[in-house]
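Structure, as structure tokens:
Residue numbers begin at 1 in each chain, while the letters A, B, ... track the order of the sequences. Basis for what follows: all heavy atoms, side chains included, without hydrogens, waters or symmetry-related copies.
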Amino acid sequence: MNQNDLSTMRHSAEHVLAEAMYHLYPGVKMAMGPATKEGFYGDFDLPEGVVLSTEDLPKIEEEMNKIIATRVPMTRKELSVAEARDLFKDNEYKQDWLNEIEARGEKVSVYWTGDSFVDLCRGPHVSYVSDIKAVKLLSVAGAYWHGDSKNKMLTRVYGTAFGSKQELQDYLTMLEEAKKRDHRKLGKEMDLFHFEPEYAPGSVFWHDKGYKIYRKLIEYMRKKQEKNGYIEVCTPAVMDRVLWETSGHWQKYGEHNYSGKTEDGRVFCIKPMNCPGGVLIYGQGIKSYRDLPLRMAEFGKVHRYEASGSLMGLMRVREFTQDDAHIFCTPEQMESECITTLKLILDIYKDFGFEDVKIYLSTRPEKRIGSDEIWDLSEKALANALKHNNYEFEINEGEGAFYGPKLEFILKDAIGREWQCGTIQMDMNLPERFDISYIGEDGQRHRPVMLHRALFGSIERFLGILIENYAGKLPLWLSPQQVLVAPITSEINDYAESVLQQLKDAGLSAQADLSNEKISYKIREHSLEKIPVIMVVGAKERENGTVTIRRIGSEKQETLPLKECIDMLVKEAQMPKI
RNA sequence: GCCGAUUUAGCUCAGCUGGUAGAGCAACUGAUUUGUAAUCAGUAGGUCGUCUGUUCGAAUCAGACAAUCGGCACCA
């Protein structure tokens with residue numbers, strides 16, 4: 001079944017869901033519901049006092065299957081706005097839709113399921129409800145009408161449908177498998193990090209192994225940036241509120257900041273972003289056009305009081321580390337800086353196994369600062385950078401920051417949720433507000449253009465996505481513990497320790513498991529910890545000066561001389577070429 | 001923040017309609033010296049998320065709060 005047909009069928013399944021809801025919950029109002037990439041959902045305004053939970057889904061599903069079993073046709077009818085208003089006279093949500101349809105001057109179409117249920121819909125739909133072969137309801141959630149938190153919250157029912165029972169089953173199995181790659185689960189199993197909901201909700205406690213990966217990411221990025229002409233700075237974590245008022249962030253995001261009053265009556269704020277600090281460094285001394293572009297990086301730890309409901313493992317936290325940088329340049333340099341940064345980001349993602357990166361260009365929002373000319377220029381610079389490299393992108397109309405347009409680089413987690421990682425943002429706000437300048441060739445003061453960019457975005461989030469994408473099986477260079485030496489009996493401990501020492505001398509991160517356990521137990525334990533290389537040593541290996549290795553995810557054994565093995569692993573453990 | 005669900009031992013989870021808690025794994029002790037995903041036995045381990053109420057009696061019922069999970073909204 002092609003994507004179009006599948007989508008049509010899912011949309012029809014959503015109509016069947018709506019009808020089932022009308023059967024089971026008299027007085028319910030159907031608001032809207034589309035097919036999505038993975039299934040469909042329906043938003044309902046439930047009668048007063050009715051609460052829907054996942055326990056109710058089987059019952060609704062059963063009702064849906066009854067409707068499907070009637071094999072009635074789904075038929076399209078076109079009618080006038082007035083007729084439609086009458087047909088849906090008790091449903092304010094449909095009236096709302098009709099207003100929009102009327103305003104756009106479009107025709108009204110409805111779809112009948114048999115002759116018992118009708119919904120306002122553009123279509124298309126399957127010919128008969130029996131064309132819906134396998135349907136499953138998945139979850140219940142709240143969702144605001146028209147996606148606006150000022151509106152009423154409706155009850156959303158998520159489900160999916162497939163062309164066959166088998167495909168549905170495969171999909172559900174795939175989801176189950178994907179959940180095993182959840183970084184929160186793997187983080188625990190691999191002993192990488194934990195959270196303390198009681199003391200610091202949304203903040204990470206990095207354990208030794210997790211922090212090793214974290215440091216490795218920074219080490220990689222630092223080298224990358226040095227090679228690409230960046231300098232690195234470090235700015236204070238706590239600064240006077242006045243700074244954030246000057247930058248404009250206090251007014252817009254004040255309630256999301258952590259702040260406190262000191263004895264002298266000043267209000268200090270823990271930095272929610274690094275940019276003003278960077279601008280202050282730029283402001284030291286007089287800058288010449290010869291100093292530009294000035295690429296100033298900072299691995300800045302920032303704190304934001306994110307809404308409780310938005311927190312999610314490492315992906316959305318209240319304390320995170322940005323691989324931030326601010327590029328100060330002349331307007332003429334703006335576009336070429338965008339081009340090189342864009343290329344840099346995608347190069348870096350390749351090193352981590354991400355080939356398929358979604359890019360959004362987010363354009364001017366309604367509430368914004370700066371003249372339309374500057375917006376035109378900035379948006380064009382970003383779009384040109386994309387076109388220059390022939391990158392595909394989507395436009396996110398009106399989703400830019402209040403101070404400028406941005407590019408967002410999106411990676412997906414194990415179950416396909418999209419997360420913004422890298423970003424390039426034009427800023428027409430801060431240079432003004434902090435009145436920074438450079439002396440041009442003409443000897444006059446000029447305003448530099450400022451670009452914010454983060455490549456990983458947040459180290460925490462990027463690491464979370466890495467864990468999920470590798471299912472915990474990190475490449476050797478990123479693995480916090482690369483080798484585990486496992487002697488078969490305690491008889492061999494001396495050789496195991498000598499092997500361990502040689503591994504460490506070669507710069508590999510290794511440990512030995514000298515516990516009094518069977519080799520199969522050790523294999524199991526350390527495989528679950530996702531150690532990439534398990535090095536088994538027994539009497540044979542000791543005698544021959546060899547080791548037998550087993551790679552994570554493989555059952556193959558390979559025996560080779562220790563020296564040769566170390567050389568091979570050392571080579572493999574190298575960071576990608578910078 | 002909003003909607004729904006969940007919160008019991010280090011981890012994964014059981015505990016019916018109220019009568020002061022249970023399993024497996026992990027830990028510890030002992031035995032076992034083992035060739036590629038769990039060797040056996042024993043011991044110990046819990047203010048049942050927090051607080052307040054109802055009750056002779058609360059893991060269980062009610063309320064508030066917190067956190068977590070799935071969404072929505074938000075994301076400088």
>> Among residues at least two apart in sequence or on other chains, which ones pass ring pair (Phe, Tyr, Trp, His ring centres under 6.0 Å) with Y144(A)?
In response: none
> What distance, rounded to whole Å, do you find between the two C1' atoms, one in A21(B) and one in A62(B)?
Replying inline: 23 Å
> In terms of side-chain geometry, is the basic nitrogen of E399(A) or K406(A) positioned less than 4.0 Å from the acidic oxygen of its partner?
Replying inline: no
> Considering only side-chain heavy atoms of T548(A), which listed nucleotide, A73(B), G35(B), C75(B), is closest?
Replying inline: G35(B)
>> The criterion is side chain to side chain donor-acceptor pair (under 3.5 Å); which residues satisfy it with E408(A), sequence neighbours excluded?
In response: S362(A)
>> Below 30° counts as parallel, above 60° as perpendicular, anything between as tilted: where do the rings of F193(A) and F195(A) land?
In response: perpendicular
> In terms of ring plane angle, is the pair H326(A) and F328(A) parallel, tilted or perpendicular, where the classes change at 30° and 60°?
Replying inline: tilted
> Quantified in whole Å, what is the C1' atom distance between nucleotide U12(B) and nucleotide A26(B)?
Replying inline: 11 Å
> What residue among D96(A), D45(A), N151(A) forms side chain to side chain donor-acceptor pair (under 3.5 Å) with W145(A)?
Replying inline: D96(A)
> Run the side-chain hydrogen bond (donor to acceptor under 3.5 Å, both in side chains) check on E176(A) and Y171(A) step by step: do they pass?
Replying inline: CA-CA 9 Å; E176(A) 285 308 309; Y171(A) 172 75; over 6 Å; no
> When the P atoms of C2(B) and C16(B) are considered, how many whole Å apart are they?
Replying inline: 31 Å
> Do any N or O atoms from the side chain of D56(A) and from the backbone of V140(A) form a donor-acceptor pair under 3.5 angstrom?
Replying inline: no
> What is the nucleic acid contact for H256(A), judged by heavy atoms within less than 4.0 Å: base, sugar-phosphate only, or nothing?
Replying inline: base
>> Please give the distance between the P atoms of A23(B) and U43(B) as a whole number of Å.
In response: 12 Å
> Is K209(A) paired with E529(A) through a side-chain N to carboxylate O contact shorter than 4.0 Å?
Replying inline: yes
> Of all the choices, G35(B), A76(B), A5(B), which nucleotide is nearest to the side chain of V536(A) once you look at every atom?
Replying inline: G35(B)
> Going by modelled atom types, is there a donor-acceptor pair between the base of C75(B) and the side chain of R461(A) at under 3.5 Å?
Replying inline: no
> Is R551(A) touching bases, backbone alone, or none of the nucleic acid, heavy atoms closer than 4.0 Å?
Replying inline: nothing
> So which nucleotide from G35(B), G71(B), G1(B) ends up closest to the side chain of I519(A)?
Replying inline: G35(B)
>> Between the base of C75(B) and the side chain of R316(A), is there a donor and acceptor pair under 3.5 angstrom?
In response: yes
>> Could you tell me how far apart E517(A) (CD) and C40(B) (C1') are, to the nearest whole angstrom?
In response: 11 Å
> Between C74(B) and A5(B), how far is it from one C1' atom to the other, in whole Å?
Replying inline: 22 Å
> In residues 148-160 of chain A, which residues come under 4.0 Å of RNA chain B by heavy atom?
Replying inline: S149(A), M153(A), R156(A), Y158(A)
>> Using only modelled atom types and a 3.5 angstrom limit, is any donor from either the side chain of E541(A) or the base of G35(B) paired with an acceptor on the other?
In response: yes
> Using the C1' atom in both, what is the distance from G18(B) to U55(B), to the nearest Å?
Replying inline: 9 Å
> Within this structure, what is the NZ-to-P distance between K367(A) and C74(B), rounded to whole angstrom?
Replying inline: 13 Å
>> Please give me every residue in residues 195-206 of chain A whose heavy atoms get under 4.0 Å of an atom in RNA chain B, ordered by residue number.
In response: P197(A), P201(A), G202(A)
> If you look at every strand shown and take non-hydrogen atoms under 4.0 Å, does L52(A) touch a base, only sugar-phosphate, or nothing?
Replying inline: sugar-phosphate
> According to the interplanar angle, ranging from 0 to 90°, do the rings of H249(A) and W244(A) count as parallel (below 30°), tilted (30 to 60°) or perpendicular (above 60°)?
Replying inline: perpendicular
> K406(A) near the nucleic acid: base, sugar-phosphate alone, or nothing, with a heavy-atom cut-off under 4.0 Å?
Replying inline: sugar-phosphate
In residues 539-547 of chain A, what donor-acceptor pairs under 3.5 Å come from side-chain atoms, sequence neighbours left out?
| unit_1 | atom_1 | unit_2 | atom_2 | d |
| --- | --- | --- | --- | --- |
| E541(A) | OE1 | G538(A) | N | 2.8 |
| E541(A) | OE2 | T548(A) | OG1 | 2.5 |
| R542(A) | NH1 | E491(A) | O | 3.1 |
| R542(A) | NH1 | D494(A) | OD1 | 3.3 |
| R542(A) | NH2 | E491(A) | OE1 | 3.3 |
| N544(A) | ND2 | K540(A) | O | 3.1 |

>> Rounding to an integer number of angstrom, what distance separates U50(B) and U7(B) when you compare their P atoms?
In response: 13 Å
>> I want to check one thing: is the phosphate of G70(B), taken as OP1 and OP2, less than 4.0 Å away from some side-chain N or O of R417(A)?
In response: yes
>> Can you say whether a donor on the side chain of Y144(A) sits under 3.5 Å from an acceptor on the base of G1(B), or the other way round?
In response: yes
>> As a test of reading the structure: which of A73(B), A76(B), G70(B) is closest to the side chain of M312(A), going by heavy atoms?
In response: G70(B)
> Stem ranges for RNA chain B, with three or more consecutive Watson-Crick or G-U pairs under 3.5 Å?
Replying inline: B:1-7 with B:66-72, B:10-13 with B:22-25, B:27-31 with B:39-43, B:49-53 with B:61-65
> Is it true that a side-chain atom of D513(A) and a backbone atom of S515(A) form a donor plus acceptor pair closer than 3.5 Å?
Replying inline: yes
> Nearest nucleotide by nearest heavy atom, which residue falls closer to the 5' end of RNA chain B, H249(A) or K188(A)?
Replying inline: K188(A)
> Just checking A539(A): base, sugar-phosphate only, or nothing, at a heavy-atom cut-off of under 4.0 Å?
Replying inline: base
